[in-house]
Every structure is written in C-alpha cells, then in structure tokens.
Amino acid sequence: MSQVVTRFAPSPTGYLHIGGGRTALFNWLYARGRGGKFLLRIEDTDRERSTPEATAAILRGLTWLGLDWDGEVVSQFERRERHAEVAREMLARGTAYKCFSTKEEVEAYRAAREAEGASYAVFQSPWRDADSSTYPDAPYAIRMKAPRTGETVIEDQVQGRVVIKNETLDDMIVLRSDGTPVYMLAVVVDDHDMGVTHVIRGDDHLNNAARQQMVYDAMGWTVPVWAHIPLIHGPDGKKLSKRHGATGVEEYQAMGYPAAGMRNYLTRLGWAHGDAEIFTSDEAMKMFDLSGIGRAPARLDFKKLENTCGHHMAMAEDAALLHELEAYLVSAGRPALTETQRARMQNALGFLKKSAKTFPELMEKAAFLLADRPIVPESKAAEALDTVSRGILSALTPRLQNASWTREALEPILTEIAAENGIGFGKLAAPLRAAIAGRSVTPSVYDMMLTIGRDETVARLADAAR
RNA sequence: GGCCCGUUCGUCUAUCGGUUAGGACACCUGGUUUUCAACCAGGUAAGAGGGGUUCGACUCCCCUACGGGCUGCCA
C-alpha cells in the first residue's frame, strides 16, 4: 500500500482559525498514525488578501498546537506557472477551451436566464465548440470543458456517496484572461504534484469537490480520497465567528489552555472512538480514523475544553509544564517568572497541576509563591489574624526553626500547637493561610510551606505575628 | 431561487433493525477534606415533526421544519 500523504492548505488572510486548526489536526493525526506525510501549503494566490503576517501567524498557531509538517511550506502563488501549464495542457487535450466571453457578457447571460424564470443559470459559453478560425484577437479565459450530462459522484469518507448532476455545473474557468490560475485548478494541480492521497478539509468544499474531480479526470490523474468534515459552530449553533469569542488558535494559547489539552479536545470535537475521552496524541494517532468523524457540525464547549485541559495539565511532566507555562506568560503579555519564583514553581508544580485546568488558574493558585514579603493580607484573610491567632503564630515560629522540613515532620508540630490551644486544625489553618499567602483560599498549608522553604515560612509567620 | 449536507440528553458523542438508548462535560445531591479546588458515590436529562418499509426502527425510505454550505475571471 502506498504511503498516506495529507495536507493542510489555509489561505493566509488572517490568523489560524480554530476550525482550521482542527482540520490541520485531523490531517496530522491521520498521516502520523499511518507513517505518512503531513504537508503544508499556503494558498496565497489571492494577492489582495494574502499577507506574510498571516502566514507567520498560521505557522505559529500550528507550531503551538504541536502539529509539525513535513518538508518545506509550499506557496501556491509561486507555482502559478505550473498551474498555467496544466491549463494549456488541458487545452491541448481538448478538455478545456478558450473562452472570449467577457465578464459582462457572462453576467448578462445569467441575468437573461433568470429573467426567463430559470431557477438557476449555468453559463453556456458560445466558444465551447467554436472553430479556432473564428477566434478574435482578444484576451480569453481558459474554461474547462465539463460534461454537460450525467453526474459526478464524490465518494466521501465522511459524507458518503454524494451525487452532483453535471448539468448544474458550468464550465469553470481554470485560467483567467490575465493568465493567472484560478484556485480550483491550483488545488488540484498542487495536490496531485505533491502526491496528496487524502484530502481532509472543511465541508464548505464538498460541492467544489465535484468540479475538482472533473479536473482530475480531465488530466487522467488519480482522484484522492475525499473526506469533508463539518465546520465548527458557536454555542448557539451558528457558524463560529468573532461574536462567539475566541476564534483564533493563538487566542486560546493566550487564554492559557495547554496545547495537549487543546489537541485532545479538538480531536474529540466531531470525532469519536467508542468511549475514549482523554488520550495522548500518540494514542489519538493510533485510534484516529475517517469513519469516526461525525457528519453534523459540532459546537464549541468551553467547559469541556477546560475539563480536558485539566486532565492534561495533571498528566504533564513538571519540566515540560514549566516550559509551557513560561511560553504562556509571554503570549499573554504577563511578566516572566523571576529566579526565585521559578525555583518555587518547580517545587510546587507537582501539586498545583493536579487542580488547575488552565495556566491562569495555575498562576492564581500559585499566588502565594509569586508574592514577596511582606505579605499584605486581603481583608478576608486579615480577619483570621486576630490577637489570639497572632499569639499562636509566634509560639509556632520557634518550633519550626529546628524542624526538618518535610510534611512528616511538620504535621505533628502543627497538630500539636492546635491541640495546645484547644482548637481544631481548621482553625489553625486560617491564620496560617493568611500569614503565608495573605489569602483565605490557598493550596494546602503544608504544600505552601514546603514550597517556599523554612526561612521564608518563618519570616512570613513572624511578619504576621508582629 | 437551485443544488448539496446535516438533525440522539443543555453540549461532545456511542449505537451500525431487537439495548432498561451507553459514556464524557455541565448541572443537582451526598461523601471526603484544612479553605477553594481536586477526588469518590449517586441523580436529573435525548432519538426535530409526520408518513411509510418491517414481526420489530434512533438505525432504511419519503415529506415537512430547522440549521449549514455551495451557487464568482474569491479562496
């Protein structure tokens, strides 16, 4: 069996859309799970709208998502000569013809047909079967000589067998009168030349597939396996757009979702493999198949995204997580970790990652280790530091001085001091939290003490007891 | 307008003619706990509507409704 080759082919007209990210992910998963290749092509033939900034943003988005592509990024625009060459070859083969009709004439034709009450108006060029001796000395477009009768069948791995009547399709232009190729031709030529075996893309291209298949047929090329996946919708079921919130992949990075969680969530959005919910990318590669893709558009659910991310956060290795956390800080425009904070973070990640779902949440829980002395307690926390509590804290401090700094050693000391003062541990925890973190809601007091170390703990308790 | 695609709990989905329609998220209740969270246990909750086909339909067919896409010398 020949090697699987997939590709992602975005237009560089903006950031990487979350839907595009998912399309790329599906292609990546499919190829990587089968030892195939995943290629990247930028469809930049629209010179008006394409920008190098957008291309850079798309590459950044893919990189963040961890979707690595094989070989060089292909620029469709740079291949325009090749596209034109194929158009001329179609001319030579008789599967395309020169059309001298102007845009105005085409529009007039369609308007006339509609005026007659036609439900649809397929332009029928008078030049389709014209003798070359009648050709005027004027610019012309090259039109594909599409079959007028019969039907074109798309055997789609997701949508099933889709039948399009050929009479509803016009002779599409493959080369414009200015000599530039049209997208529909470019995709086919590029996919063929790049050896793409599986075209996995949004179902907004489903109808286009019929005309593209005609080009494959006209050139005698092997038609790739089609898989048109439904688009992602917003929570209200409408096409996902700006008003639903974030649509750009990079926005999700800035919101602090870990990439592994993002991949997992996006994989499960519109695709299923039995009851599998939480899995690594390696596992996803093994499971991923086209038949598991649903046919209905899926809606984005931030709650589930968060939950999925939480699992991946907990599964992550500390070193990798710290690295990703720092990348998040940069992308969110937040201050970088100082040396001290970084060292403490390394101690704390082991427990912080278990309860945080996103990086902002992790930073929030890490507030105690980010803070510098003196700790200024919030009003709620300050209430816990009454005179009695401060007395207990100052009694506690000397005992901590000589304790070995492990949970096992600390636990009896704190339990003891609570008992001596006739209070439960809960009552003792509140002032400790206030002293150490300046807050009433914090991670476990032991975890905090162990994270910041003896000297810092003692100093913070002393500050509070004063 | 025409053509194409879609419709199972609030959400993501399983089911590939016979199930008490399963799982996950969310939500609710209880437990655990040193606060929040996490965690554990339990619960509420679904086949768009109408016709067929069949002994039997979520599953197959048709119609309607709703949603989406395409309909360019855009991609």
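Each chain gets a letter, A, B and so on, in the order the sequences are listed, and its residues count up from 1.
- Looking at heavy-atom distances under 4.0 Å, A/N208 makes contact with a base.
- Residues that satisfy the side chain to side chain contact (heavy atoms under 4.5 Å, CB included) test with A/D129, not counting sequence neighbours, are A/K145.
- Base engagement by A/S101 is indicated by at least one non-hydrogen atom pair under 4.0 Å involving a base atom.
- Both A/Q159 and A/D170 sit near RNA chain B, but only A/Q159 has its closest nucleotide nearer the 5' end.
- Among the heavy atoms of the strands lying under 4.0 Å from A/E277 is at least one base atom, whether or not backbone atoms are also near.
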_Verdict with supporting geometry, A/D386 and A/S389, side chain to side chain donor-acceptor pair (under 3.5 Å)_ = CA-CA 5 Å; A/D386 54 27; A/S389 299; 2.7 Å; yes
*asked:* At under 4.0 Å between heavy atoms, how does the protein contact nucleotides 26-42 of chain B? Give one character per nucleotide, 5' to 3', with B, S or -.
replied: S-------BBBBS----
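- Among the atoms of the strands shown, only primed sugar atoms or phosphate atoms (P, OP1, OP2) are found under 4.0 Å from some heavy atom of A/L206.
- Where A/D178 and A/R295 each meet RNA chain B at their nearest nucleotide, the meeting point lying more 5' is that of A/R295.
- More than 12 heavy-atom neighbours from other residues, nucleotides or ligands sit within 6.0 angstrom of NE2 on A/H192.
- The phosphate of B/G72 has OP1 or OP2 within less than 4.0 Å of a side-chain N or O from A/R110.
- A cation-pi arrangement, defined by a distance under 6.0 Å to the six-membered ring centre and an angle within 45 degrees of its axis, is present between A/R47 and A/F77.
- If you check every strand for non-hydrogen atoms under 4.0 Å, A/V163 touches sugar and phosphate atoms only.
- Residues A/F8 and A/W69 place their aromatic rings such that the two centres sit no closer than 6.0 Å.
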